[in-house]
Amino acid sequence: MDMNLKPVTASAAGIDTGGEEQYRILIDSITDYAIFLLNPEGYISTWNTGAKQIKGYDAEEIIGKHFSIFYTKKDVAENHPAAELSKAILEGKYTEEGWRVKKDGSVFWANVVITPVYNKDQQLIAFSKVTRDLSERKKAEDDLYRAFEELKESEERFRLLIEGVTDYAIFMLDPGGNVATWNHGARRMNGYEAHEIIGKYFSRFYSQEQVEEGFPDYELRQAKEHGRFEDTGWRYRKDGSVFWANTVITAIFNEKNDLIGFSKITRDLTEKLQMEQQLFRVNEELRESEEKSRLLIDGVKDYAILMLNPEGIVMSWNEGAERIKGYKSGEIIGRHFSAFYDRESISKGFPQYELRKAQEVGRFEDEGWRIRKDGTAFWANVVITPIYNGKKRLLGYSKVTRDLTERRRNEELMHKNSELIKINNELDNFVYAASHDLKAPITNLEGLLQALEEDLEDDLQKHEVLLKHMNGALGTLKNVIADLSDVTKLKHEHEAPEDVQIRDMLEDIKISLQPYIEHTGAVVQCKDMAFETLRYSRKNLRSILFNLVSNAIKYSNPDRSPIVKISTTITESGVYELSVQDNGLGLAPSQIGKIFSLFKRAHDHVEGSGIGLYLVKRILDNSGDSISVESEEAVGSRFIVRFHQAKK
């Protein structure tokens with residue numbers, strides 16, 4: 001555009017400048033606005049102080065120049081200044097915001113108003129032009145826009161993380177309690193599609209009675225007052241069915257402490273109803289106490305829920321993650337999630353394998369050892385889910401981890417118990433086989449020994465000592481086999497209990513042990529009998545007493561005659577105790593824990609099979625009773641048998 005930029009005065013433009021001096025002073029005193037006149041061709045005729053301040057020109061520098069001097073080269077090339085004047089004439093006024101140029105070449109964001117001025121004959125005589133510098137406002141708006149875009153991106157990532165969680169209903173309520181967001185977990189749990197529930201008041205998840213009592217409103221008030229509200233109770237799905245739910249409502253405030261809404265997290269605990277009912281009763285009793293927060297852990301805090309970027313870098317961190325893994329958010333965000341794995345897993349590339357499998361099949365679940373910040377290991381259930389945007393571009397992964405260490409320990413204990421049962425069964429089978437398969441060879445040996453004695457005839461006396469030892473060894477072996485037979489019978493015999501007179505049974509045992517008693521000069525006596533009768537299997541009780549009394553005599557101290565005292569007592573808890581006390585050799589502390597094991601003997605110089613006390617222990621274990629021993633070397637031992645008797 002070819003423009004004549006020669007100076008044009010207000011008088012030359014045909015403008016009456018004889019107005020009141022006061023009006024001129026008023027216009028000139030305005031400093032926040034550039035207010036000036038243009039002649040009909042767009043040349044500047046007047047100039048106020050605000051124009052100088054905003055655009056940088058003195059009046060003598062600018063009056064008479066065309067107003068296109070304030071526009072960018074692009075606007076001038078597009079004939080934009082002339083178009084503004086044409087629109088002002090056509091529409092009676094032209095308003096615009098855009099970039100303008102100052103004297104020093106810098107640009108500013110301007111609000112411009114151009115108004116045509118007519119004389120009394122409706123002839124165009126000038127344009128008034130008012131300009132305001134809005135650069136600060138523009139900058140603030142641009143900053144706000146950028147912040148808004150960043151916030152949108154952050155919110156999108158958080159939304160996708162929440163959408164990836166399907167085991168929890170996680171959504172937002174506005175300050176009035178209306179549903180504002182809706183995730184897949186909420187859809188699965190409550191049955192509503194997003195368009196059916198967003199904008200509706202959240203009371204539709206509650207019973208009619210609770211709504212009439214104002215319970216949903218009460219929840220919001222409590223959350224607002226205390227920052228958080230947790231409740232467990234029945235909730236309703238879209239189809240009218242009920243489920244037992246744990247709900248946590250958290251009030252959300254902005255930086256000015258204004259309430260902007262609530263987060264609501266719901267977990268379906270229907271399958272654990274009985275346990276949760278017990279927990280609920282505890283919760284009611286401890287509602288106002290600090291103990292409540294210790295006993296009732298927030299549902300989300302039981303899980304580590306975090307977001308990984310596509311490379312596996314931790315991008316978000318919840319309180320459950322901090323509690324389970326030990327890291328503060330500032331310590332772990334920005335680090336690779338392989339920090340939770342042991343060195344062997346890292347060297348094998350297992351963390352990267354998890355991400356690949358999650359991306360291939362849409363989800364990856366695993367149980368294994370993971371590492372806390374302090375280096376300790378815990379058994380974890382891990383679910384990794386890839387997160388995509390609307391264009392199927394991978395944005396990252398949601399990772400949900402649960403600590404199952406306690407369950408793992410229980411499974412290991414059950415496995416060990418199963419192994420012990422298997423070993424015990426194998427031992428029983430061995431004992432059974434040994435006790436039966438050895439009888440025939442022993443009988444043959446007895447026959448052969450007898451035949452040998454007959455064949456020796458005159459030489460019999462010469463080998464009498466050797467033959468005596470051989471017969472003794474066979475007798476001992478026969479006793480061991482007999483004891484083993486008693487052990488195997490325990491598993492299959494179930495004799496009915498009866499009332500047994502203890503003194504009568506001891507007299508019968510003393511008759512059986514008479515040779516031992518006469519040989520050692522033993523004294524077997526009953527003293528301090530709190531009860532005389534015991535309801536028990538007669539055969540098993542005799543086996544218990546026989547072994548304990550015979551051992552007391554057998555392991556006597558050679559320096560004194562054995563004294564065996566049998567006594568009974570009833571404890572305060574109702575347990576019947578029978579004790580057998582002797583003054584024999586006693587036991588070393590290291591032997592006390594071993595004497596009830598099979599073939600374990602405390603004194604090898606005394607003849608025995610090492611089966612008697614094992615048999616006693618098995619009998620008592622089978623009946624739910626017990627035995628213990630108190631002993632001191634060279635002083636003696638006291639065996640205490642405890643029986644649980646049914647009340648009559």
Side-chain angles (χ1 to χ4, degrees), residues 479 482-483 485-518 520-556 561-584 586-587 592 595-596 608-609 611-631 635-648:
N479 290 335
D483 288 340
S485 296
D486 289 340
V487 171
T488 60
K489 290 176 184 177
L490 281 177
K491 193 169 184 180
H492 308 286
E493 293 183 351
H494 300 283
E495 292 192 0
E498 57 181 284
D499 292 331
V500 182
Q501 293 291 329
I502 297 174
R503 289 183 185 271
D504 293 345
M505 180 167 283
L506 283 171
E507 290 302 318
D508 177 64
I509 291 171
K510 286 166 67 176
I511 292 172
S512 300
L513 296 174
Q514 191 62 33
Y516 287 103
I517 293 174
E518 290 179 355
T520 60
V523 176
V524 181
Q525 57 188 2
C526 290
K527 296 185 68 177
D528 303 322
M529 302 292 286
F531 60 90
E532 300 274 353
T533 302
L534 193 68
R535 188 163 185 79
Y536 206 74
S537 163
R538 178 177 292 276
K539 178 182 177 181
N540 288 342
L541 183 59
R542 188 183 191 283
S543 181
I544 293 169
L545 289 174
F546 183 88
N547 276 286
L548 293 178
V549 174
S550 64
N551 278 356
I553 297 172
K554 187 186 300 183
Y555 296 103
S556 61
S561 298
I563 298 175
V564 184
K565 297 179 182 179
I566 293 91
S567 61
T568 62
T569 185
I570 302 175
T571 68
E572 293 181 358
S573 59
V575 176
Y576 284 55
E577 291 186 350
L578 183 151
S579 69
V580 178
Q581 184 171 355
D582 63 57
N583 63 341
L587 299 168
I592 290 178
I595 58 172
F596 295 107
S609 64
I611 296 175
L613 289 179
Y614 172 78
L615 179 64
V616 170
K617 182 74 164 54
R618 287 290 299 271
I619 292 172
L620 292 168
D621 286 345
N622 287 347
S623 63
D625 301 307
S626 62
I627 185 171
S628 62
V629 61
E630 299 170 353
S631 186
V635 176
S637 302
R638 177 172 177 254
F639 289 84
I640 304 100
V641 186
R642 298 176 178 84
F643 300 93
H644 293 82
Q645 298 285 285
K647 293 183 179 179
K648 298 181 180 179

Once rounded to the nearest 0.5 Å, what's the spacing between atom [atom1] of [X] and atom [atom2] of [Y]?
{"X": "Ile619", "Y": "Asn540", "atom1": "CD1", "atom2": "CG", "value": "4.5 Å"}
{"X": "Gln525", "Y": "Ile566", "atom1": "CD", "atom2": "CD1", "value": "8.0 Å"}
{"X": "Ser537", "Y": "Glu498", "atom1": "OG", "atom2": "CD", "value": "7.5 Å"}
{"X": "Leu545", "Y": "Leu578", "atom1": "CG", "atom2": "CG", "value": "5.5 Å"}

Please give me the minimum heavy-atom distance between [X] and [Y], naming the atom from each residue.
{"X": "Ser631", "Y": "Leu587", "result": "OG-N, 2.7 Å"}
{"X": "Gly586", "Y": "Ser637", "result": "CA-OG, 3.6 Å"}
{"X": "Ser543", "Y": "Val616", "result": "O-CG2, 4.4 Å"}
{"X": "Ile595", "Y": "Leu613", "result": "O-CB, 3.5 Å"}

List the atom pairs, with distances to 0.1 Å, where a side-chain N or O of residues 505-515 and a protein N or O form a donor-acceptor pair under 3.5 Å, not counting sequence neighbours.
from, atom 1, to, atom 2, distance (Å)
Asp508, OD2, Arg542, NE, 2.9
Asp508, OD2, Arg542, NH2, 3.2
Lys510, NZ, Val524, O, 3.3
Ser512, OG, Asp508, O, 3.4
Ser512, OG, Arg542, NH2, 2.9
Gln514, NE2, Glu518, OE2, 3.1

Quiz item: Tell me, which pairs form a salt bridge (charged side-chain N to carboxylate O under 4.0 Å, His left out) where one or both residues lie in residues 565-583, sequence neighbours left out?
Solution: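 Passing the test, one end in residues 565-583: Glu577-Arg642.
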Quiz prompt | Counterpart residues, ring pair (Phe, Tyr, Trp, His ring centres under 6.0 Å), relative to Tyr516 (two or more places apart) | solution = none
Quiz item: Mind checking what makes ring pair (Phe, Tyr, Trp, His ring centres under 6.0 Å) contact with Tyr536, not counting sequence neighbours?
Solution: Phe643
Practice problem: Could you tell me which residues satisfy salt bridge (charged side-chain N to carboxylate O under 4.0 Å, His left out) with Asp504, sequence neighbours excluded, listed by chain and number? | Solution: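 In terms of salt bridge (charged side-chain N to carboxylate O under 4.0 Å, His left out), with neighbours along the sequence ignored, Asp504 is linked to no residue.
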Taking only residues two or more places apart in sequence or in another chain, which ones pass side chain to side chain donor-acceptor pair (under 3.5 Å) with [X]?
{"X": "Thr568", "result": "none"}
{"X": "Ser556", "result": "none"}
{"X": "Asp625", "result": "Ser623, His644"}
{"X": "Ser550", "result": "none"}

Practice problem: Can you sort out the partners of Ser561 under side-chain contact (heavy atoms from CB on, under 4.5 Å), two or more places apart, ordered by chain and number? | Solution: none
Practice problem: Would you check if the side chain of Asp528 reaches a backbone N or O of Ser567 as a donor-acceptor pair within less than 3.5 Å? | Solution: no
Quiz item: Quick one: does Glu532's side chain have a donor or acceptor within less than 3.5 Å of a partner on Arg503's backbone?
Solution: no
